[in-house]
2 protein chains.
Amino acid sequence: MANPILLVEDEPVMAALLRQGLEEEGYLVEWVLTGEEALARLEHLEPALLVLDVRLPGMDGVEVCRQVRQRWPDLPVLMLTALDDVENRVRGLRAGADDYLPKPFAFEELLARIEALLRRSKRQPTRHLLLDGPLTLDLNARTATCGERPLSLTPREFDLLAYLMQHSRRAISRLQIYREVWGHDFDHGTSLLEVYISYLRRKLQEAGCPCYIATVRGVGYRYEPAEG
Amino acid sequence: MANPILLVEDEPVMAALLRQGLEEEGYLVEWVLTGEEALARLEHLEPALLVLDVRLPGMDGVEVCRQVRQRWPDLPVLMLTALDDVENRVRGLRAGADDYLPKPFAFEELLARIEALLRRSKRQPTRHLLLDGPLTLDLNARTATCGERPLSLTPREFDLLAYLMQHSRRAISRLQIYREVWGHDFDHGTSLLEVYISYLRRKLQEAGCPCYIATVRGVGYRYEPAEG
DNA sequence: CAAAGTTCTTAGAAAGGCCTTAAAAGTAGC
DNA sequence: GCTACTTTTAAGGCCTTTCTAAGAACTTTG
């Protein structure tokens, strides 16, 4: 349901950089190292876009592109080429790539081209955002903002808030929370959950966020997006 | 993508903008000008989502929302409010809106929220509301409201009122109540139940709620949604 | 009308649940 | 291995809720 971007890149450093950058923008990213892997992955994954390095071990990018084009004619393909590699660039376009980007490039430019391709392709990858009232959680980037203001949350805090927001305006039992957020099936007997609720409330308040976490006595908690 | 979005907006310019934007994204859009039209349209249309301006001629958005909620409890409702209209925002959420968006907004944000609501509406089970007369109990959120006004009930009070409302207009025996609400199979010999009935009556009265709990002498109690 | 039986109300004791804080234990990065 | 950050434990205090008890008020019946 959420269509990711499939990244084909054999250099781990480069791949990690791209992946992180894209995820911070809210995209889901799947990363494979070779053309063969990419083709196998495509059998089951339905990516919104393919980002393809030309220089790959084994089957090279142009060949991957050609095979992709045959089976998935609608899938947008963005090729990453070396600056002066005119020959491969031409081969790539001829093989059906939709756009190319010469390395080295500014990340912003990559983004712009990706967005352009996606707009054109009409096949939008769904950003994985959790919106409710003034709060926005980006589940890919794992960032939270209240209106414009960023919230800095620890991993646990983030997971907890995400879970509450996913069940917005419903009372969630402590046990349910322990199970889903901590993965336990029991109450610790300590006030662990209460402590985290307390942390979240403080941070929400410090950010001036007009939403709150209501206590549902005897049951658990409930996320409410506005003051009542 | 068969089910359209029903847009309720009395300003033609705004409506045209929204409609065009949404249609470019591939949504079907039905547009009506007033709340009355919207309710009529809902009888035959089965929209996936309702986008509702608060400020409407005739019946205002909040009222529309309440009526929609009663007949179509599962239909996601997104409200458009003025930036500083906190009061209507709160009223709207209380009337059952699922999200709100303060004007002016970026179109992108509207899109994101629509997508979020549609995703959620697929996942979340239906909201379980007990409506009878002016009282509304939300069994998921465990909140109670009398008309606009929130009632703050303790867990026992909530359970008791819920049980009475589930058997509205019928006499319920003390024993039945003890069994279902307290889980005992016997009368304490104390006036425990009477005490709680007394608490409830006071809170209903303080909220100006035109409904009451009748005593059925020798048997138990009966919930009546309005004076008769 | 008086007595008996119910129901209502109030107040206070006891218990329980929740919040907060501080400090210890655990993790990750330099 | 040291430092900074995150997670967890522990403990005290506060506030809410629940329950009991006892007398007032009301209804029914003789």
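- The distance from atom CG of A/Asp159 to atom P of D/dT8 is 11 Å, rounded to the nearest whole Å.
- Every residue was checked against the salt bridge (charged side-chain N to carboxylate O under 4.0 Å, His left out) condition with A/Arg149, not counting sequence neighbours, and none meets it.
- In this structure, the CD1 atom of A/Ile197 is 11 Å from the P atom of C/dT20, given to the nearest Å.
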Filtered N/O pairs between nucleotides 28-30 of chain C and protein, under 3.5 Å:
none

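- Taking B/Gln176 as the reference, B/Tyr163, B/Ile172, B/Ser173, B/Arg179 meet the side chain to side chain contact (heavy atoms under 4.5 Å, CB included) condition, with sequence neighbours excluded.
- Residues passing the side chain to side chain contact (heavy atoms under 4.5 Å, CB included) test with A/Glu157, sequence neighbours excluded: A/Leu153, A/Thr154, A/Tyr196, A/Tyr199, A/Leu200, A/Lys203.
- Every side chain to side chain contact (heavy atoms under 4.5 Å, CB included) that A/Pro57 has, sequence neighbours left out, goes to A/Asp10, A/Thr34.
- Remark: P of C/dG16 and CZ of A/Arg174 are 15 Å apart, rounded to the nearest angstrom.
- For the helix from C/dC1-D/dG30 to C/dC30-D/dG1, the rotation axes defined at the first and last 5 base pairs enclose an angle of 30°, given to the nearest 10°.
- One can place CZ of A/Phe158 at 13 Å from P of D/dT7, the figure rounded to the nearest angstrom.
- The separation between A/Leu200 atom CG and C/dC19 atom P is 12 Å, rounded to whole Å.
- Partners of A/Arg142 by salt bridge (charged side-chain N to carboxylate O under 4.0 Å, His left out), not counting sequence neighbours, listed by chain and number: A/Asp159.
- Checking side-chain atoms of B/Asp98 against main-chain N and O of B/Val77 turns up a donor-acceptor pair under 3.5 Å.
- Regarding B/Gln205, its CD atom lies at a distance of 14 Å from the P atom of C/dC8, rounded to whole Å.
- The pair A/Arg41-A/Glu37 does not meet the salt-bridge criterion, since no charged nitrogen lies less than 4.0 angstrom from a carboxylate oxygen.
- Between A/Arg201 and C/dC19, a side-chain N or O to OP1/OP2 separation shorter than 4.0 Å is present.
- Qualifying salt bridge (charged side-chain N to carboxylate O under 4.0 Å, His left out) partners for B/Glu194, counting only residues two or more places apart in sequence or in other chains: B/Arg174.
- Judged as a salt bridge (charged side-chain N to carboxylate O under 4.0 Å, His left out), and not counting sequence neighbours, B/Arg170 has no contacts.
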B/S/- along nucleotides 11-30 of chain D (protein heavy atoms under 4.0 Å) is B----BSBBBBB---BS---
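- Applying the side chain to side chain donor-acceptor pair (under 3.5 Å) rule to B/Thr215 yields the partners B/Arg201; only residues at least two apart in sequence or on another chain are considered.
- Applying the side chain to side chain contact (heavy atoms under 4.5 Å, CB included) criterion to B/Ala112, with sequence neighbours excluded, gives A/Leu131.
- Counting to the nearest Å, the C1' atom of D/dA10 and the CG atom of A/Leu193 are 16 Å from each other.
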